[in-house]
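Worksheet: one structure, shown below.
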Amino acid sequence: MRGPGWIKGLREEEARQLRSEIDRLELDLIRAANSKAKWNLHEVAHTLRWQKARLQRLEECLSAMPPGKTVSGRPADR
């Protein structure tokens, strides 16, 4: 059975992926705003807001988790 350190490592990786996705969406939003065809602007903005809210909830979850071992087996504070 895997422990809390493994779960925290998974959540940290998920947060990294979300940050990357948010960066991409922010660039897409700028492109959509500068485009003559604004049909995509609403969809990108909605997805960006949703991903930012998801990241916030995930970061709150991570901050509530006790420090411990990470996936690599090293203490989290290194």
Interatomic spacing from [atom1] in [X] to [atom2] in [Y] - rounded to 0.5 Å:
| X | Y | atom1 | atom2 | result |
| --- | --- | --- | --- | --- |
| R49 | L25 | CZ | CG | 11.5 Å |
| R24 | Q51 | CZ | CD | 9.0 Å |
| E21 | L55 | CD | CG | 11.5 Å |
| Q17 | E14 | CD | CD | 7.5 Å |
| L27 | I22 | CG | CD1 | 12.5 Å |
| D28 | E43 | CG | CD | 10.0 Å |

**Prompt:** Linking I/L/V/M/F/W/Y whenever any side-chain heavy atoms sit under 4.5 Å apart, do I30 and L41 land together?
**Reply:**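 No, no single cluster joins them.
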
**Asked** Would E60 and R57 pass as an ion pair if we require N to O under 4.0 Å?
**Response**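 Looking at R57 together with E60, the answer is no, because their closest N to O distance does not fall below 4.0 Å.
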
**Request:** May I ask you to decide whether E59 forms a salt bridge with R19, counting only side-chain N to carboxylate O separations under 4.0 Å?
**Result:** yes

**Prompt:** Do M65 and I7 come close enough that some side-chain heavy atom pair is under 4.5 Å?
**Reply:** yes

**Prompt:** Do E26 and K52 come within less than 4.5 Å of each other through their side chains, counting heavy atoms only?
**Reply:** yes

**Message:** Tell me if a side-chain donor or acceptor on S35 pairs with a main-chain N or O of R31 at a distance below 3.5 Å.
**Reply:** no

